[in-house]
Structure formats: structure tokens, C-alpha cells
Chemist: 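Below are the C-alpha cells for one structure; questions will follow.
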Amino acid sequence: MTKKTLGERTLGDWQALAEKELRASPDTLVWKTPEGIDVKPLYTEADQSAVAQPGSLPGFAPFTRGPRATMYAGRPWTIRQYAGFSTAEASNAFYRKALASGQQGVSVAFDLATHRGYDSDHPRVEGDVGKAGVAIDSVEDMKILFDGIPLEKVSVSMTMNGAVIPILANFIVAGEEQGVSRAALSGTIQNDILKEFMVRNTYIYPPEPSMRIVADIIEYTSREMPRFNSISISGYHMQEAGATLVQELAFTLADGREYVRAAIAKGLDVDEFAGRLSFFFAIGMNFFMEAAKLRAARLLWTRIMEEFAPKKASSLMLRTHCQTSGVSLQEQDPYNNIIRTAFEAMSAVLGGTQSLHTNSFDEAIALPTEFSSRIARNTQLILQHETGVTKVVDPLAGSYYVESLTNELAEKAWALIEEVEALGGMTKAVNEGLPKRLIEEAATRRQAAVDKGDEIIVGVNKYRLENEEPIDILDIDNSAVRASQIKRLDETRRRRDPAKVAETLDRLREVAESGKGNLLEAAVEAARARASVGEISDAMRRVFGDHTAEPEVVKNVYGNAYSDEPELQQLRTRMTAISEALGGAPKIMVAKLGQDGHDRGAKVIASAFGDIGFDVLAGPLFQTPEEAANLAISSKVHVVGMSSLAAGHKTLAPQLIEVLKAKGAENIIVVVGGVIPRQDYAFLTEHGVAAVFGPGTNVMDAANSVLDLLEGKRRNQ
């Protein structure tokens, strides 16, 4: 047989050689991603020729290769670090130092009390003030937040959705009183309420009036704030909640389509606002897939916007901010997170992001310190100045693999977008719970893969250190922050004109009731009169009401993943014995206390524990310790599992235990899980918490530990 030349060798020849080398079947050569995409180990020109190539130049529709012709060769992406620290004073000091060190824009993280439209003196937010972000109660706080920061020069991004009206109103007035007109303000307000109903849960009002708020902000900013982006359509929190990249891509773009329709329904021309819509994506550890996702997003957004027949090419263009993944950060061996973030940042840059936030390595445990924030910021500076990635536009273009991934992601995401359309659009899909259910199933499936070791996380389920040294973390004195906020709030109320405040709040309420006028315009007048964030929110609450979500738990996802594993069978055998002793399956209530709406961990635990055999009660969001205790007692639970992701555990867990004791229910076991620093474990156990499950805990291990506690309590009775 004649020997083949190099040019005559085929893909079949390679396949035979690869199988021989691996001594495996062809199936082992294919990796099926969580998105259902079959990734082959080899891509060739044949794969690329099958990919639709509707445009090959950056700066031109469909913008697959980038929204600007020169991309980073003309100007690098904006370095924008997301941060907020307890008080306006502390945050201002951080921002000023970061700007002096090379940061190019300010990105504000607000505390959960502010997100949910409560003033710091409200009894429901005792454990939330100053945690996970900065507390803002009035224009006075906002003025301090930006003191010494020239708002006519520095772009400001604000992650705010629920209380978006009072926060943006306060920002506008703070700018005015700094001498900067609203027309000169630049930046972005997130204003993406649909994803709140899906995953993040920092909503206030029901979906329909919330969509009106979105449209009113788009209308006002289009008219009054030409340099300001009225919305940042966010997929970030979807991926953080467990969405696959296809789900993140599809639901984010479907949200965007819904917002465009809402703005047009207000009478706006698409070209008035489309060029200032922006997007926000997460960047996780699937390096090439994440870069391809951004390319596919631009391709699909052009397709969506063509439906609205804009006259400007810029109206077809998707521009995006990206943030490295928070979920990929691990408590165990945390310095590995620096490496993870660097890879994720590179992926975002190769995908063509317009701005980027890099997470700090300690954010799996607590708010970042100044030390860790500097490393995160320098990661981007090194990328910009030392790697050469800014020299060439879309350097991955032409890659057989990346082009194929771009096409696969676009096709699968479009199919899901069409499914949403068949339901009547994203608002209806959200009301029916489709996105939330699919995302929670994906999150539970991934947790099972990690617990089983099918998905390796270095330092967590493989290559783990025997002994880990604690790292320095930022600890916020919640009670001190709240006291200082209440003091300034009281002073603001004392000095303002009560009649003017009442008049402007009445006007805001009239606009909400009548449907005539613009809510943001009315709120600006109320903020100028020094109405507080809570008062402005409550004026609309009286008309719109509060949204209440019904907690639902997916079933048979975690259990099916473990169906053939002896570990699950052993656990169920233990469960049977304990159930016989108790006269029924042990009942656990998974509780979310305070204003922390991040419920991925709570939902995964509720789903997995249900599949294992526990009788699971998923408590509602935003409970007070008193409300959670009452529900636990009336439901006759054996265990309360409190989930905490926003640093309120040192306030809320002891309060819950005290309330249970006061009501004679000290027999109910309380465990706490979530983002909890190891330094806090002793404090929690001293205050009556029976067990603490930090980040990276294996669910099967947690279930066995809870059964140990139940058996121990039964023996001691």
C-alpha cells in the first residue's frame, strides 16, 4: 500500500490514530458541555466552512468581531471595579484611591437594604445595613459618595434595579449640587428588573409596574441625559445562579428585546435609545466558550434589533461590560482564585468586552480588602500593558474551534429565544417561571457534578491542602454602620422642609396612580426636597404593591445524577432508620433571612436534600428572624438551615436562635451555610449554631452531618 503524503491524510486517519493512542472508543474523545454542545478534540477547515459567516470585519454589522473597527488597537477596554464599602465615606476613599491607581470608572455596589428600597432605620434591615455594599439613604449620602470625584469626567456605573428610581434621582441631584448638569453625567444604571425575578431577587414591585419603571427611565435619560446608558441588560447574575452559557445568552437577549418593546410602547423611536443600551455578562472558566459567547451575543443582538428597523447602524450594536465569575471563586486554597480571575479576564478581552471588572481573590469569603482589590485591578493593567492583546482586533477570529463554538452557541440560544417568544415574550415567560426553573435545574445538576468529582475544582474536590492558613478579610461592623446612617438620616429629616417633602411625594404617588407623567422626573423633585430612598420607594409601594415570589424547588435532578452511586444508597439507608425513629422523614426548613435574595445555594440544598429523602420546606425570601421562627414552629420542623450569602449571619443567626428559645422551641436544630469566613465559625457555634457549612461543602457530606445532629439529639432526649 502506498504511503500517504501529509496532504493526503484525512480526518478519519487522525481519528484512527487518536483511538489507537488513547485505546478508547470515539465517544471518549468528545466532551459534552453543560450547554449540550459536543466539543471534539480536533477542529479543521471543514468545521469552519460549515459555519455561517455573515460578516467578517469588526465595526460592521453583525459585529461578531467587535462593535468598533479598531477595538483595543484604538483604545483599550475600560477598567471598572465594582465596589461599595459600608458607608459613603469608606466607599469614597476607596474610589478615589482606585482612580489614582489606574481605575478608569467607578462602579457602585449598594447594600441590600438600599436595593430593596428600605432606609437604614427600618426594622427589617437590621442585619443588612452596610453589608455587601454601601448604604444610601438620601442625597446627603450620595454627595459624600462622590465627593472629590469629578462627575463630568468620571463614568459611574450603578448596579441597582429594585430601588432604581430613588437611587438614580439621588445621583442626578448629587451631580447638580456638585455643579454637574444631568446632561453631562456619564455612566450606566443597571435597571434590569426581569433578571431580578429570575435569579437575583432584589425586586420591590410586581413585574408590570416594574417594566413601566424601566421604560420611564429609558424615556427620561433619552431626553435629559445623552451621555448616560439607561439600562445594563444583565446575564451575569443568571450564570452566577447556575445558568448554562446558552441560557445566559438567550435569556439576556430576550430580556433586551422586551425592554426595547417597552420603550417603543412609550412612544420612543428606536434610534433615540438603542445606541445607549448596554449589556453585562459573566465570564466563567470555560475559556474559549466564554469568548465565543460574546461574539455570538453581538451576532444575535443584531438579528433581534433588525426587527425594529432602526435607521442608525449603531442601533444594531451590542456593547457589553463583563465581570469575572464570583461562583468560580473558592474559599479553599483561595490564592488559586487569582489565577482563575486572570484566565477569565483574558477570555473576556479575547471576546471583545467594552469594560471589565475583575473579582478579588477573597470575595468567596467576604468583601474584598484593599490588598486583594489592588491585585484584581493590576490583573487588568498587566493584560493591557504587558501581554500584547490590545494590538490586534479579535485575535481568535478564524480559529476553527472558536468559530464553530460561536455558531453552536448562537443556534442553541436562538432556539431558546424562540421558545420564550412562543410564550408571549420574556415578561410572560418570567411570570410562568420558565427561566427560573431551567436555571435552577442547571445549578443543581452542576452541584452534583462537583460533588461527585466529575467536574474538578482544584483545591476543592481534588488537590486539596491538608491545612489551610486563614487569610485577612474585611469585617464590617454592621451595628456601627447602621448607627451612623440613622444619625445622618435623622439630621437630614430635621433640616428639610416637611411640607415640600410631602408635596413632592404626593406628586410621585399621583404619577404612579394615573400612569401619566414620568416616575423618575417626579422622583428627582422628591430627592431634591430630601425625601429618603425609603420614602420615595414607599410612595410607589402604596400604588404598585410588593412582589412576593412563591418558593419552588426542582426535583429529581441531584438524585438522578447520584442514582448509581453507593454513597446515596447508604445515606438513604440512614434516612430510613431515622425516619422510623422520628415517625416520619426528618423535616428541614431552608431559610433566607434579611434582604439577601441570592438563593442559588438555598435552592440547590433544598432540591438535593429533597431527593435524598428529607421533608423540605423552602422558606420565603426576606424573612425576619421572628417570621422564620414562627414558620419553623408552626411547620414542626426538626432543623432550620439558614442560608447566608451577604454577610448578615453574625446578626441574623443569633437573633433566630434567641427567638426560638424565647418561644420554647430550642429543640429545633439551627445550622448555617453559605459564604461564611472560617473566622466566624466559632462566633456562630458560641451563639448556638449547631454546624456551619462554608463555600465548597459537599452536599452529601452536609446531609450526613445533619443526620448526625438529629441522631445525637435523639440519643440525648
Side-chain angles (χ1 to χ4, degrees), residues 111-113 115-116 124-125 127-128 131-133 159 161-162 192-204 207 234-243 247-248 251 282 325-327 364 430 433-448 546-555 557-558 588-611 614 616-625 627-628 631-632 640-649 652-653 656 671-676 693-695 697 699 702:
D111 74 353
L112 290 168
H115 272 291
R116 294 267 296 143
R124 296 194 72 86
V125 299
D128 298 298
K131 293 287 191 180
T159 300
N161 301 282
D192 176 9
I193 200 63
L194 286 174
K195 69 97 173 46
E196 298 295 329
F197 296 116
M198 281 188 263
V199 290
R200 191 164 174 257
N201 301 314
T202 53
Y203 45 69
I204 300 174
S234 175
Y236 182 87
H237 305 95
M238 298 181 199
Q239 188 180 139
E240 291 292 279
Q247 291 168 351
E248 179 193 7
F251 294 145
S325 173
V327 168
V430 166
L434 171 71
K436 194 173 187 69
R437 175 175 54 80
L438 293 179
I439 290 170
E440 287 173 2
E441 287 176 357
T444 306
R445 198 174 293 114
R446 180 171 188 261
Q447 184 63 49
D546 282 277
H547 177 69
T548 303
E550 290 295 327
E552 295 181 2
V553 177
V554 300
K555 297 179 180 179
V557 175
Y558 193 93
I588 182 169
M589 172 181 161
V590 180
K592 290 292 296 181
L593 272 59
Q595 301 307 305
D596 175 18
H598 297 80
D599 62 351
R600 172 181 178 161
K603 288 294 184 66
V604 167
I605 289 295
S607 177
F609 271 47
D611 287 356
F614 283 87
V616 176
L617 170 63
L621 292 170
F622 314 127
Q623 285 190 309
T624 64
E627 290 165 346
L631 181 59
V640 173
M642 175 184 152
S643 172
S644 174
L645 275 79
H649 50 270
L652 297 169
L656 172 63
V671 299
V672 179
V675 180
I676 302 165
F693 304 110
T697 298
V699 173

Chemist: Check for a donor-acceptor pair, side chain of Gln239 on one end and backbone N or O of Tyr236 on the other, with a separation under 3.5 Å.
Modeler: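 Here the side-chain-to-backbone pair does not exist.
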Chemist: What residues form a side-chain hydrogen bond (donor to acceptor under 3.5 Å, both in side chains) with Thr159, not counting sequence neighbours?
Modeler: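 Thr159: no side-chain hydrogen bond (donor to acceptor under 3.5 Å, both in side chains) contacts found.
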Chemist: Is there a side-chain contact between Arg446 and Val327 in this structure, where contact means two heavy atoms from C-beta onward sitting under 4.5 Å apart?
Modeler: yes
Chemist: State, with a plain yes or no, whether a side-chain heavy atom of Leu617 is found less than 4.5 Å away from one of Ile588.
Modeler: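 Not touching, per the 4.5 Å side-chain cut-off.
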Chemist: Taking only residues two or more places apart in sequence or in another chain, which ones pass side-chain hydrogen bond (donor to acceptor under 3.5 Å, both in side chains) with Asp611?
Modeler: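 Counting only residues at least two positions away or on another chain, Asp611 forms no side-chain hydrogen bond (donor to acceptor under 3.5 Å, both in side chains).
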Chemist: Report the C-alpha distance between Asn201 and Glu196 in whole Å, list the side-chain angles of each, state the deciding distance to 0.1 Å, and finish with yes or no for side chain to side chain contact (heavy atoms under 4.5 Å, CB included).
Modeler: CA-CA 5 Å; Asn201 301 314; Glu196 298 295 329; 5.5 Å; no
Chemist: Listed by chain and number, what are the side chain to side chain contact (heavy atoms under 4.5 Å, CB included) partners of Pro695, not counting sequence neighbours?
Modeler: Glu331
Chemist: What's the shortest heavy-atom distance between Val199 and Met238, and which atoms?
Modeler: CG2-N, 3.9 Å
Chemist: Grab the two heavy atoms, one from Asp596 and one from Ser644, that are nearest each other, plus how far apart they are.
Modeler: OD2-C, 4.0 Å
Chemist: I'd like to know whether Asp546 forms a side chain to side chain contact (heavy atoms under 4.5 Å, CB included) with Ile204, so could you lay out the CA-CA distance, the side-chain angles of the two residues, the decisive distance to 0.1 Å, and finally the verdict.
Modeler: CA-CA 6 Å; Asp546 282 277; Ile204 300 174; 3.9 Å; yes
Chemist: Looking only at heavy atoms, which two atoms of Pro551 and Ala618 are closest? And how far apart?
Modeler: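 Closest approach of Pro551 to Ala618, heavy atoms only: CG-O, 3.4 Å.
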Chemist: Strictly distance-based, threshold 3.5 Å: is any side-chain N or O of Arg124 a donor or acceptor partner for the main-chain N or O of Gln595?
Modeler: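 A pair under 3.5 Å: no.
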Chemist: Which residues satisfy the ring pair (Phe, Tyr, Trp, His ring centres under 6.0 Å) test with Phe693, sequence neighbours excluded?
Modeler: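 Once residues adjacent in sequence are excluded, Phe693 has no partner under the ring pair (Phe, Tyr, Trp, His ring centres under 6.0 Å) criterion.
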Chemist: Could you pull out all residues at least two apart from Phe251 that satisfy ring pair (Phe, Tyr, Trp, His ring centres under 6.0 Å)?
Modeler: none
Chemist: What pair of heavy atoms forms the shortest contact from Tyr558 to Ala608, and how long is it?
Modeler: CG-CB, 3.6 Å
Chemist: How many angstroms lie between NZ in Lys131 and CG in Asp128, if you round to the nearest 0.5 Å?
Modeler: 10.0 Å
Chemist: Would you name the heavy atoms of Arg600 and Gly242 that are closest together and state the gap between them?
Modeler: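 Shortest heavy-atom separation between Arg600 and Gly242 comes out as NH1-N, 3.3 Å.
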Chemist: Give, for atom OG1 of Thr548 and atom CG of Leu621, the distance between the pair rounded to the nearest 0.5 Å.
Modeler: 9.5 Å
Chemist: Can you sort out the partners of Arg116 under salt bridge (Lys or Arg N to Asp or Glu O under 4.0 Å), two or more places apart, ordered by chain and number?
Modeler: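 Counting only residues at least two positions away or on another chain, Arg116 forms no salt bridge (Lys or Arg N to Asp or Glu O under 4.0 Å).
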Chemist: Please walk me through it: do Val699 and Ile605 pass side chain to side chain contact (heavy atoms under 4.5 Å, CB included)?
Modeler: CA-CA 7 Å; Val699 173; Ile605 289 295; 4.0 Å; yes
Chemist: Between Gly610 and Val616, what is the shortest heavy-atom contact and its length?
Modeler: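 Shortest heavy-atom contact: N-CG2, 3.5 Å.
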Chemist: My understanding is that only residues two or more places apart in sequence, or in another chain, count here; which of them pass salt bridge (Lys or Arg N to Asp or Glu O under 4.0 Å) with Glu240?
Modeler: none
Chemist: Taking it one step at a time, do Met589 and Leu631 satisfy side chain to side chain contact (heavy atoms under 4.5 Å, CB included)?
Modeler: CA-CA 9 Å; Met589 172 181 161; Leu631 181 59; 3.8 Å; yes
Chemist: For the atom pair CD1 (Ile193) and CZ (Arg200), what is the distance rounded to the nearest 0.5 Å?
Modeler: 9.5 Å
Chemist: Quick one: CG on Asn161 to CG on Leu194, what's the gap to the nearest 0.5 Å?
Modeler: 10.0 Å
Chemist: side-chain hydrogen bond (donor to acceptor under 3.5 Å, both in side chains) with Ser607: which residues, sequence neighbours excluded?
Modeler: none
Chemist: Output a table of donor-acceptor pairs, distance under 3.5 Å, between side-chain atoms of residues 438-445 and any protein atom two or more places apart or on a different chain; print 'none' if there are none.
Modeler:
from: Glu440; atom 1: OE2; to: Lys603; atom 2: NZ; distance (Å): 2.8
from: Thr444; atom 1: OG1; to: Glu440; atom 2: O; distance (Å): 2.9

Chemist: What pairs with Leu656 under side chain to side chain contact (heavy atoms under 4.5 Å, CB included), at least two apart in sequence or on another chain?
Modeler: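 Residues passing side chain to side chain contact (heavy atoms under 4.5 Å, CB included) with Leu656: Leu593, Pro625, Ala628, Ala629, Val640, Leu660, Val670.
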Chemist: Rounded to the nearest 0.5 Å, what separates atom CD in Glu248 from atom NE2 in His237?
Modeler: 11.0 Å
Chemist: Check side chain to side chain contact (heavy atoms under 4.5 Å, CB included) between Ser643 and all other residues, then give those that pass, not counting sequence neighbours.
Modeler: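 In terms of side chain to side chain contact (heavy atoms under 4.5 Å, CB included), with neighbours along the sequence ignored, Ser643 is linked to Lys592, Ala602, Leu645.
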Chemist: Excluding sequence neighbours, so at least two apart, what forms side-chain hydrogen bond (donor to acceptor under 3.5 Å, both in side chains) with Tyr203?
Modeler: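 Partners of Tyr203 under the side-chain hydrogen bond (donor to acceptor under 3.5 Å, both in side chains) test: none.
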